[in-house]
Amino acid sequence: MMVEIAIFFLLIFMIIGMLFVLEIENLLSAVVMMGAIGFGLSVIFLLLGAPDLAIVQIAVEVISVVILIRATIHRDIKERADESLSNISSIPLLVCIFFFFLMIYPALRLLPTFGEPVFLNFYSSSVYYLRDGFHLTGAPNIVSAIILDFRAYDTLGEAIVLFTSVIGALSILRYRNRKKEHNAS
Amino acid sequence: MGLLPAFVAIPLLTALVLNIVEQKSWYTHILALSSSIFLAVLSFFTPQTHGIYYVGGFGPHIGINMMIDPLNRLILIVVQVIVMLACWYSVGYMEHYTSKSRFYAFVFLMLAGMNGIILTADFFNFYVFMEIATLASYVLVSYGGRSYELEASFKYMILGSISSLFMLLGIALIYSQTAALNMMVAAERIDPAHPVTFLIIVLFLAGLGLKSAIFPFHSWLPDAHSSAPAPISAILSGVLIKAVGIYVMLRFVFNFIGSENAPLTMLAWLGVIGAFVGVVLALGQKDLKRLLACSSVSQVGYIFIGIGLGTPLGLAGALLHLISHSASKSLLFFSAGSIEYSANERNITLLGGLKKLMPWTHLGNFIGFSAIGGIPPLSGFWSKLLILLACVSAGQWLIGLLAALFAIMTLSLLPKIEKNVFTGDIPEHLKKTKESPSSMIIPMIVLSFFCLGIGLIYLVPSWNQNILTSAVEVLMDGRWLGAINNVP
Amino acid sequence: MSGMTGIVKTVAEWIKGFILFYGVYIVLQGHLTPGGGFAGGVIIACSFIMMELAFGKQRAEKELSEHGSHLLDEFGAIAILLLGLWGYFLPQMPFFSNVLLEYWPGSPFHIISAGSIPLINLAIGIKVGTGLYTIFVSLAEYKPELQEKEE
Amino acid sequence: MIYTLCIILFLLGLYGVLVKRNIIKIIISLAMMNNAVNLFLILLAYRSNGVAPILDPGMDPSILLETSVDPLPQALVLTSVVIGLGVTALMVALAIRLYHAYGTFDITKIRKLKG
């Protein structure tokens with residue numbers, strides 16, 4: 001119950017932080033606030049019994065904040081987020097999103113109760129991993145056993161996504177895109 | 001069955017190797033071409049029956065599986081063949097760009113992503129490979145580095161990321177209901193009448209609709225597909241929106257939640273509106289590649305009409321139109337790229353008289369537009385005819401009438417292009433235009449033969465049985481209830 | 001950017017080794033304790049990024065050049081793929097099976113255990129660490145004045 | 001209740017992506033959407049008074065089934081976090097090029113393509 005209350009307040013903090021990010025003028029503050037939200041998320045992960053994720057989340061959040069500040073904002077700190085005029089067009093969207101929320105709200109109430117995970121009701125893969133994972137792989141960290149053995153194919157895909165984004169960034173930022181003679185012709 | 005991982009591993013290995021070879025070496029082309037030809041040949045040797053491959057040796061309840069059946073075998077072959085031709089075409093076309101080996105690396109990453117999507121039987125695995133395919137496509141759209149290309153890529157990326165996140169939320173909801181990620185296991189456990197399932201359907205249809213550019217979500221497609229280099233436009237329009245959007249939509253609607261639980265009529269009507277909006281947008285365009293991209297919206301609309309009917313005939317028409325559109329739209333983008341390559345101009349009002357200067361390109365363009373417009377012996381005629389017949393036999397005569405009307409409107413693109421681009425006086429700045437190199441012409445000729453011959457898939461009874469009917473049967477079998485017990 | 005003030009440089013000089021060592025520790029212990037290739041890799045990347053931020057590009061190039069980190073990134077990706085394909089080329093073994101577990105299981109709760117899991121972890125650690133560093137360097141050191149103008 | 005707050009976070013992110021004009025804010029909003037989905041998965045995995053799915057030396061493996069939270073969503077989220085980082089990095093790269101091509105981060109002023 002304590003965990004639930006703590007998560008409730010952390011989530012409220014994150015939502016307020018998100019509103020802050022959306023409405024503040026100064027971009028630097030918005031990015032720093034994003035880092036704070038990520039930190040709150042990391043604490044939630046820790047409370048929910050996911051220490052692996054808490055480490056990854058906090059490290060990833062540090063990297064995203066550093067990338068955003070160093071690579072974009074320091075180039076042009078004078079530009080403020082000029083958001084004054086978009087209010088009129090944003091109202092219909094806001095209404096749409098609100099109606100979407102109303103539409104899905106009944107479904108959200110029918111989700112499994114918080115604290116009673118659904119995997120216990122079925123013969124699911126999680127039961128198998130928890131019961132036999134250690135014997136089959138020899139790895140005491142079951143999450144590691146899943147991502148590196150049972151679902152290692154996903155991990156390959158994930159590494160390739162990161163690889164794509166590395167060479168993607170390199171090739172987007174290359175200085176010559178087309179050959180000279182073509183431009184002249 | 002043992003072949004299936006090769007369709008992911010070989011493109012990935014090729015991409016990784018291509019990224020470290022020297023930039024200007026000739027073996028970049030050789031490596032890319034040989035690898036893509038090998039994959040194309042290999043795809044014909046995949047088994048024709050249902051089959052499942054256990055990745056890591058773990059069964060459906062535990063690990064990730066790959067699966068093959070007549071439906072995804074068909075899509076797999078189409079993807080390999082179009083990508084092979086696009087690689088071939090790139091040998092000549094990409095001369096104007098820098099960093100060719102990395103270009104091929106992205107093409108192969110995209111191919112690996114598409115193959116992973118087509119072959120997987122696992123929801124989360126689908127998400128991961130979808131991200132590979134779409135991330136590579138974002139980069140390729142901005143490959144030329146001009147400001148409008150960057151802009152198109154960024155807008156495509158925003159919408160693509162939103163749709164991916166919708167689907168990830170949908171996958172999370174599926175997990176919350178079934179505690180399973182394997183599509184067959186989840187299909188067995190999910191309750192179609194549950195309100196959460198309704199939310200899943202909404203999220204998936206919105207996400208897949210964005211990826212496949214169905215009517216209300218089509219706005220990104222003309223920008224993105226016209227900004228990419230021509231072989232990439234051919235891959236994006238020809239196969240990517242089909243592998244990521246339409247194929248997954250077919251699986252989700254028919255095999256996962258069941259066609260009786262999906263808003264099929266809505267899909268059909270969205271298809272009708274999409275067919276109309278696409279062709280109207282196309283008629284108003286002056287940019288050749290943008291015109292083709294808009295016409296893709298229209299043709300995707302036809303595929304959705306076929307899907308939305310939900311009858312075997314309609315699905316056969318949708319699949320045939322999928323193949324036919326892959327061939328004809330790739331051909332058209334190749335010929336548009338050839339014009340851009342030689343004349344360095346895409347605006348059709350500034351072009352003219354290219355018939356004499358570029359006869360092969362003219363031929364390819366003519367066949368492509370005839371095929372897409374539905375002139376009888378060509379591929380588009382048979383697929384549209386099938387869709388119209390399906391409309392009539394399903395009693396949806398209004399949809400059929402509108403589809404026929406829009407088909408005639410599509411046909412009017414042919415004289416427009418003929419008049420503006422290929423006949424008339426040659427403008428002064430185009431006098432020195434020459435025909436494109438043969439590496440760009442030959443893929444166009446091959447695709448022209450495909451456009452001529454695809455109607456045979458329907459006309460030859462044994463091919464029809466092996467290719468179309470068996471694929472439609474997979475869909476008409478309905479939800480995957482008990483499929484897991486029949487796994488060999 | 002040439003770097004930051006002397007205080008930052010001194011502190012960065014002191015703690016860079018610790019951060020790097022911590023990252024490597026997390027990678028190697030990934031199958032025993034919380035952490036693993038991703039977390040450790042991101043921390044390794046953080047240590048290099050800190051050097052780059054504190055000292056500027058020249059000094060960071062000495063630790064790990066951009067080209068070198070790109071090659072290591074490549075190497076990590078190929079290593080994961082080859083570890084997956086290892087089983088594929090053996091008879092009776094599927095794609096991505098834990099081949100090493102058959103031949104060399106090791107003893108539980110030690111670093112050498114769980115077959116090929118530590119190897120994949122190491123490959124991912126290298127891949128993620130160097131990959132993120134490559135992205136960061138290319139983003140931070142992008143010079144728009146070198147960009148060729150379109151026609 | 002907690003699920004609802006999580007979905008509200010997702011929808012706020014969606015609102016930010018669709019309405020905000022500054023590219024940096026769009027990127028942050030997309031990252032927040034991803035965070036919300038990740039959190040949703042982990043919330044699904046939680047069991048009251050559950051522990052992390054990690055064995056200590058000397059523990060009986062069978063005890064995990066009684067006490068541990070669901071490990072599978074954690075594995076999925078681990079993958080999804082890194083994918084989100086990759087997407088963010090690629091978007092930042094594009095944003096830098098766009099900024100130097102158009103001289104602004106305002107998406108409404110980045111408009112060479114018609115329609």
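Below, chains carry the letters A, B, ... as their sequence lines are ordered, and counting in each starts from 1.
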Gap between atom CD1 of B:Ile62 and atom OH of A:Tyr129 - 0.5 Å precision:
7.5 Å
Per-residue contact mode, A:Phe150 against chain B (heavy atom under 4.5 angstrom)
both
Proximal to chain B - members of residues 14-21 of chain A, heavy-atom separation under 4.5 Å
none
Check each atom of B:Thr178 against the heavy atoms of chain A and say whether the ones under 4.5 Å are side chain, backbone, both or neither.
backbone
Flag side-chain contact, heavy atom, 4.5 Å: A:Ser171 against B:Phe106:
yes
Is A:Arg174 close to chain B through its backbone or its side chain, or both, or neither, when contacts mean heavy atoms under 4.5 Å?
side chain
Value rounded to 0.5 Å, distance of CG in B:Leu199 from CD1 in A:Ile104:
5.5 Å
Measure distances from A:Pro112 to the heavy atoms of chain B and classify the residue's part below 4.5 Å as side chain, backbone, both or neither.
side chain
With side chains defined as the heavy atoms from C-beta onward, is the minimum distance between A:Thr164 and B:Met110 less than 4.5 Å?
no
Begin from the C-alpha positions of A:Asp149 and B:Phe58 and carry the test side-chain contact (heavy atoms from CB on, under 4.5 Å) through to its verdict.
CA-CA 10 Å; A:Asp149 194 335; B:Phe58 302 106; 3.7 Å; yes
Under 4.5 Å from any heavy atom of chain A - which part of B:Met66
side chain
Does the side chain of A:Leu110 reach to within under 4.5 Å of the side chain of B:His194, using non-hydrogen atoms?
yes
For chain A, which residues of residues 132-142 of chain B have at least one non-hydrogen atom nearer than 4.5 Å to it?
B:Ile132, B:Leu135, B:Ala136, B:Val139, B:Ser142
Where does A:Ile146 contact chain B at under 4.5 Å (heavy atoms): side chain, backbone, both or neither?
neither
Who in residues 161-173 of chain B is close to chain A, using a strict under-4.5 Å heavy-atom cut-off?
B:Leu173
Of the backbone (N, CA, C, O) and the side chain (C-beta and beyond), which part of B:Tyr97 lies under 4.5 Å from a heavy atom of chain A, both, or neither?
both
Please list, in residue-number order, every residue in residues 38-56 of chain A that has a heavy atom less than 4.5 Å from any heavy atom of chain B; write 'none' if there are none.
none
What part of B:Tyr143 lies closer than 4.5 angstrom to a heavy atom of chain A: side chain, backbone, both or neither?
both
Using a 4.5 angstrom heavy-atom cutoff, name the option from B:Ser176, B:Ala112, B:Ala180, B:Pro195 with the most pairs to chain A.
B:Ser176
Minimum side-chain heavy-atom gap B:Val55-A:Arg151 below 4.5 Å
no
I need the B:Glu131 CD to A:Leu162 CG distance, nearest 0.5 Å.
12.0 Å
Looking at B:Gly63, B:Gly144, B:Gly56, which has the largest count of heavy-atom pairs under 4.5 Å with chain A?
B:Gly144
Do B:His61 and A:Ser124 make a side-chain contact, defined as non-hydrogen atoms from C-beta onward lying under 4.5 Å apart?
no
For residues A:Glu158 and B:Val128, report the shortest heavy-atom separation together with the two atoms involved.
N-CG1, 3.7 Å
Distance in Å, A:Ile167 CD1 paired with B:Arg102 CZ, rounded so as to fall on 0.5 Å steps
6.0 Å
Quick check on A:Arg109: does its CZ atom have over 12 non-hydrogen neighbours (other residues, nucleotides or ligands) under 6.0 Å away?
no
Suppose we call two aromatic rings close when their centres sit under 6.0 Å apart. Are B:Phe124 and A:Tyr153 close by that rule?
no
Atom pair CG (A:Asp154) and CZ (B:Phe129), whose distance is rounded to the nearest 0.5 Å
7.5 Å
B:Leu109 side, atom CG; A:Ile160 side, atom CD1 - distance, nearest 0.5 Å
6.5 Å
Go through the atoms of A:Ile172 and report whether side chain, backbone, both or neither lie under 4.5 Å from a heavy atom of chain B.
side chain
